[in-house]
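Just so it is clear, the structure is predicted and the values come from calculations on it, not from any experiment. Numbers here are sequence positions counted from 1.
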Amino acid sequence: MVASVFAYALYAATGADAGTEPVSYTVASGDTLWEIATEKYPPSEDPRATIEAIRRENGLEGYLIHPGMSLELPR
């Protein structure tokens with residue numbers, strides 16, 4: 001019991017979420033949120049949930065993106 005509590009504390013202290021910083025992406029001509037979600041994330045992830053995460057991360061009110069726009073892609 002004590003060992004498992006110690007292991008959990010050690011795990012939490014090492015930053016279990018380390019490496020989850022967003023990745024910058026510059027929107028290219030013709031890009032859509034759907035294409036970004038399906039091309040930049042594993043196929044096992046639901047693109048709809050990924051699109052919503054991208055929208056939240058970037059404060060997008062809609063689904064329209066423009067070439068040259070810089071997006072933060074959450075990991």
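Side-chain atoms of V23 and R75, non-hydrogen and from C-beta on, do get closer than 4.5 Å to each other.
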Between side-chain atoms of residues 54-61 and protein atoms elsewhere (two or more places apart, or another chain), which donor-acceptor pairs fall under 3.5 Å?
residue, atom, partner, partner atom, Å
R55, NE, G62, O, 2.9
R55, NH1, E52, OE1, 2.7
R55, NH1, E52, OE2, 3.4
R55, NH1, Y63, OH, 3.1
R55, NH2, E61, O, 2.6
N58, OD1, E72, N, 2.8
N58, ND2, I54, O, 2.8
N58, ND2, E72, O, 2.9

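Residues that satisfy the side-chain contact (heavy atoms from CB on, under 4.5 Å) test with P42, not counting sequence neighbours, are S44, E45.
Between A37 and P47, the shortest heavy-atom distance links the atoms CB-O, 3.9 Å.
Within the structure, side-chain hydrogen bond (donor to acceptor under 3.5 Å, both in side chains) contacts touching residues 27-43 (residues at least two apart or in different chains) are Y25-D31.
Residue L33 holds its CG atom at 4.5 Å from CD1 of I65, rounded to the nearest 0.5 Å.
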